[in-house]
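Structure, as structure tokens:
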Amino acid sequence: MPTLEIAHEAGWNTVTLETVARKVGVTKGALYTYFENSDALMEEVAVELVKHLSYSLNAVRAEKETDIHEMLAHIAETIFSGKEPAATIFMQALARAAQDLQFRERICKGYDDTLIKLRDEFEKRQKAGQIPAEVDIRTAVRAIYGMTLGLAFIYHMLEKDRSEAQKDWLISTERILMLVPKDKKTP
């Protein structure tokens, strides 16, 4: 998406109808057919970013053969790899959402959908014996999501080592889910 490329290269605040029009090779007026203004464009991008995490989770869910550790590693890779600008842009969008009630409501809908999908996936894995029965999945998912936002802020926005974030996220998520670390499993 050209908007993500612009935001990744020069920051969220540089995303305007004019810069997007220039990037895709159309007139600014042509974009008004789709977006009322730059704010509407940015809202749509932020909503798409929330959907991106859901799509990534769906891809993991489609791979039924993965164990819980492989699933978590895939999620961590998606969030912290830096291959896509999604996390940085999403953090910038969250700051904007705090000031705009309608935008916040759209972001919260995506947030809630993602929490539900993650909860459902963890519940399935708990029933399959991959997550201990004593783990309260609802609470665990919320803790993981909150930790993810915090780590994303630290490592993406403050430009710290993303591989450290990925490692920290995996270790912490395993602890929240009361998992035996993969390297400590008995053969």
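Here Leu118 contributes atom CG and Asp120 contributes atom CG; the two are 9.0 Å apart, rounded to the nearest 0.5 Å. Interatomic distance, Ile75 CD1 to Gln166 CD, rounded to the nearest 0.5 Å: 11.5 Å. Separating the CD1 atom in Ile171 from the CG atom in Leu179 is a distance of 12.5 Å, to the nearest 0.5 Å. The structure places CD of Glu70 at 14.0 Å from CD of Glu77, a figure rounded to the nearest 0.5 Å.
Evaluation of the side-chain contact (heavy atoms from CB on, under 4.5 Å) rule for Ala143 yields Ile176 as partners, not counting sequence neighbours. Scanning for side-chain contact (heavy atoms from CB on, under 4.5 Å) contacts around Glu134 gives Pro132, Met178, with sequence neighbours left out. For Thr173, the side-chain contact (heavy atoms from CB on, under 4.5 Å) partners are Leu72, Ile144, Met147, Trp169, Leu177, not counting sequence neighbours.
Each of Gln126, Glu174, Arg125 was checked for a side-chain contact (heavy atoms from CB on, under 4.5 Å) with Ile68, and the lone residue meeting it is Arg125.
With respect to the salt-bridge test (charged N to carboxylate O, under 4.0 angstrom), the residues Glu18 and Arg22 qualify.
Across all their heavy atoms, Leu151 and Ala165 have their closest contact at CD1-O, 4.2 Å. Summarising the geometry of Glu123 relative to Ile137, their closest heavy-atom pair is CG-CG2, 3.9 Å, with the distance given to 0.1 Å.
Considering only heavy atoms from C-beta on, Thr114 comes within 4.5 Å of Tyr145 through its side chain. A 4.5 Å side-chain heavy-atom check between Arg138 and Phe122 finds every atom pair outside the cut-off.
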Worksheet item: Would Tyr32 and Lys28 count as a side chain to side chain contact (heavy atoms under 4.5 Å, CB included) if you check the C-alpha gap in whole Å, the side-chain angles of each, and the deciding distance to 0.1 Å?
Response: CA-CA 7 Å; Tyr32 278 111; Lys28 183 177 171 181; 3.5 Å; yes
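In this structure, His69 contributes its side chain and Leu170 its backbone to no donor-acceptor pair below 3.5 Å.
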